[in-house]
Amino acid sequence: MIRFSVMTLFPEMIEAGVNVSILARAAANHLLDIRAVNIRDYTDNKHGRVDDYTYGGGAGMLMQAQPIYDCYQALVNEQPADRVIYLTPQGRTFDQEMACELAGEKHVVFLCGHYEGVDERVLEAIVTDYVSIGDYVLTGGELPAMVMIDAISRHIPGVLHNEDSTDAESFSDGLLEYPQYTRPEEWMGKKVPEILLSGDHAKVDVWRHNESLKRTKSRRPDLYDAYISLHPEETFQ
Ligand code: ADE
């Protein structure tokens with residue numbers, strides 16, 4: 001079972017995000033264990049203070065090293081951490097490959113920053129990976145941690161009941177997924193493509209692959225070019 005520990009000042013935000021739907025079911029089935037730990041519980045001052053002014057001046061407050069380090073120690077005393085991830089726009093950009101790789105770990109710890117950031121010394125002491133979820137700035141690391149937990153969990157066997165669903169989906173072969181349809185056959189004058197009703201699985205597969213190529217070319221030309229350079233013989237009509 002994989003454990004995700006999230007060091008945060010807002011554990012209720014993590015709990016609200018992960019205790020629903022597929023992640024809640026996976027936790028109930030002991031496929032994963034998600035813990036939100038309040039950094040404030042580890043302050044060594046009676047005011048519960050976790051932040052202070054920046055040396056050298058400048059606007060805003062920084063999270064102090066001591067509560068974060070003590071929180072980290074408590075977590076790793078229970079179970080050693082394979083990875084300690086600091087969520088920051090300065091990190092490497094999270095992607096499907098990283099999600100798949102992290103799904104093989106046993107204990108992944110996330111550190112969520114707030115205010116203007118975190119004292120550099122504690123980052124140097126504990127962090128193994130600096131990760132960003134995209135080139136924009138959020139108010140804290142909680143949403144990025146939840147995004148990562150969700151994307152990683154989908155790669156853990158048994159979390160998705162239909163084992164096929166990670167194979168055909170977007171990115172698994174470097175292409176976006178083809179369009180899909182369910183009942184009714186006609187909706188607002190729009191018909192389901194004829195070939196999908198034919199029962200000819202080989203033809204359906206060809207059609208789907210072609211649609212994947214078409215969609216990837218128009219929506220993500222960067223992915224399309226990368227795919228075609230690996231498969232130069234492939235084009236679509
Ligand atoms: N914290 C603030 N913005 C972030 C981002 N884009 N990715 C990860 N952590 C962040």
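Here the structure is a predicted model, which is why all the values come from computation and not from measurement. Counting convention: from 1, in listed order, for ligands and their atoms alike.
The side chain to side chain contact (heavy atoms under 4.5 Å, CB included) test with S153 singles out one residue from L23, I22, L102, and that residue is L23.
In summary, the side chains of E142 and H114 do present a donor paired with an acceptor at a separation below 3.5 Å, with no hydrogens or angles considered.
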I126/V76 under side-chain contact (heavy atoms from CB on, under 4.5 Å): CA gap, chis, key distance, verdict: CA-CA 11 Å; I126 68 172; V76 299; over 6 Å; no
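Using a 4.0 Å cut-off between charged nitrogen and carboxylate oxygen, R215 and E177 do not count as a salt-bridge pair.
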Ligand-protein N/O pairs under 3.5 Å (ligand 1):
{"unit_1": "ligand 1", "atom_1": "3 (N)", "unit_2": "L138", "atom_2": "N", "d": "3.0"}
{"unit_1": "ligand 1", "atom_1": "6 (N)", "unit_2": "G134", "atom_2": "O", "d": "3.1"}
{"unit_1": "ligand 1", "atom_1": "6 (N)", "unit_2": "Y136", "atom_2": "O", "d": "2.8"}
{"unit_1": "ligand 1", "atom_1": "7 (N)", "unit_2": "I133", "atom_2": "N", "d": "3.0"}
{"unit_1": "ligand 1", "atom_1": "9 (N)", "unit_2": "T88", "atom_2": "N", "d": "3.1"}

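The aromatic rings of Y72 and Y69 are tilted relative to each other, their planes meeting at an angle between 30° and 60°.
Identified under the side chain to side chain donor-acceptor pair (under 3.5 Å) test for residues 83-104, with sequence neighbours left out: R83-E101, R83-E105, R83-D129, Q96-E169.
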